[in-house]
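Order of appearance sets the numbers: ligands from 1, and atoms from 1 within every ligand. This one's a predicted model, so the numbers in the text were calculated from it and none came from an experiment.
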Amino acid sequence: MFKVSHPLWRTPVSLLFRLILSINALLLATVAMGTQAAAFDLLIENATVIDVRTGKAIPNSMVAVEGSKITYVGPNDPDTVVKAGTVIDGTGKYIIPGIWDMHVHLEGTDLIEDNELLFPVFLAHGITTVRDAASDLGEQVLIWRDEINEGKRQGPTIYTAGRKLEGIDSLWKGDLEIGTEKELASMLDYLEAKKVDFVKITENTLKGPLFLKSIQEAKARGFKVSTHIPQGLTIPEMVDSGLSSIEHASYMLRLGADHAGIVAKVKSGQLTSAEANALYRETFSQEVANKAYAKLGQTDLAVTPTLIGGGKLAYLAETDHSDDALLQYLTKRFTSKYQWRIDRMKNDTAADKQARKDRYALIKAQLVPMHEAGITLLAGSDSAAINTYVYPAQGLHEELEIFEDAGLIPADILRMATLNGADFMGDTMRGELLAGKQADIVILNSNPLETIRATQDIEAVIKGGQYFSRARLDTMLHDAASRKQALDAARQE
Ligand SMILES: [Zn+2]
């Protein structure tokens, strides 16, 4: 059915005149918006578009979508013709690109259905792309990624590291454990064959030269490389070796101490890991850190701060999570994994508890200096079944609130949660609202440049051209809650 959006439609005119006009409009569909054909599947008119690159709001704008692509973003044109009948009045609405969560884990070999039911929940929270920072379900995540890309499954676009590189006998489940350069090469062969989107490396048992070599070799194969920071290496030498992003800003605190000196003493055996950590804590200087940030700001390094997890643990005792909305979608089996971190903190003294809070505050205080130094920040939640109360989807919004509370302005935060993710992954089809890009769009009821909390005030989501109204999103959430209940009941856990 054809629907014509034209000022005359909105004035009382005779039915006959309407019919004539409608035929004319069809014939003359090519005249609107310059010389280009202007027939669209979906049109949002009279809206305020947020240009995340400049951080500017552009009122009286129109966004047109045809198929899976954005075909027009610009001033309102009342003569525009819509083919397939979806015209959205954007009056009072704010249009942003789909949101990216740059650090999630879709993990748990016994949580496959539990993770699957969450995909629509991500979309309902405006999150249209996630970066899975490795999982014990690596191969399953790759299948999900491909199914979503092929339109066989509803969910956010997934970028994934598959499985991560670690040393022998790592604490984490499902790692690709390496002890030699030969094993490194064969694991990278494996990841390459699996067509993972980036390489993740962590430091539980992988140390020193082989860690550095892993960065270099992954980089040489054309991968972006995201890592934790092992004790025996300095952040600058890792960046020089091709490190693309540091996961977790907690590691950045090392730059506030005599980082190179401490690393040298760890390497020579003069300091244990625990002693090094204590020294980093005791000798932190913001001034020293800022100087290091300034140097890193000249490089391509990105940092995914993931503050929320530390915050949740630091304030665990005084927070009642029993009414948290996201629990509706998390199976008992999923949240049972939360206990692990709670148990680890059981014997914390009052001083330990205070130290957690102080450390969380100090990491949070690094956001503005890192940003001002020119370091690219990526918004990521680290949501995962083993990350206690860091909820899928909602966790990213809470992370953005922390960014705002830390003093970053909403325009910058919005860029960190959209364009920066796309730029990092080299995804030129997403991250901002421009003609030719993938139609991943969120329609908000309030202005995200006033407060980033507005990104939770969602009127509709468009994913790859598919339109989800508020009612449809609510149905998706309801279905996810039902699915969770069914899984719980079937398992009788
Ligand atoms: Zn993680």
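Between the side chains of T304 and E247, at least one donor N or O lies within less than 3.5 Å of an accepting N or O. H248 and H228 share a donor-acceptor pair across their side chains, judged by distance under 3.5 Å alone. Side chains of Q328 and Q485: a donor-acceptor N/O pair is absent below 3.5 angstrom, by distance only.
Taking backbone and side-chain atoms together, E247 has no N/O/S atom less than 2.8 Å away from the Zn ion (ligand 1). Here H105 reaches the Zn ion (ligand 1): one of its N/O/S atoms is less than 2.8 Å from the metal.
Vertex the Zn ion (ligand 1); arms to H103 atom NE2 and D382 atom OD1; angle 90° (nearest 10°).
Every pair passing salt bridge (Lys or Arg N to Asp or Glu O under 4.0 Å) that includes a residue from residues 196-211 is listed here, sequence neighbours excluded: R145-D197.
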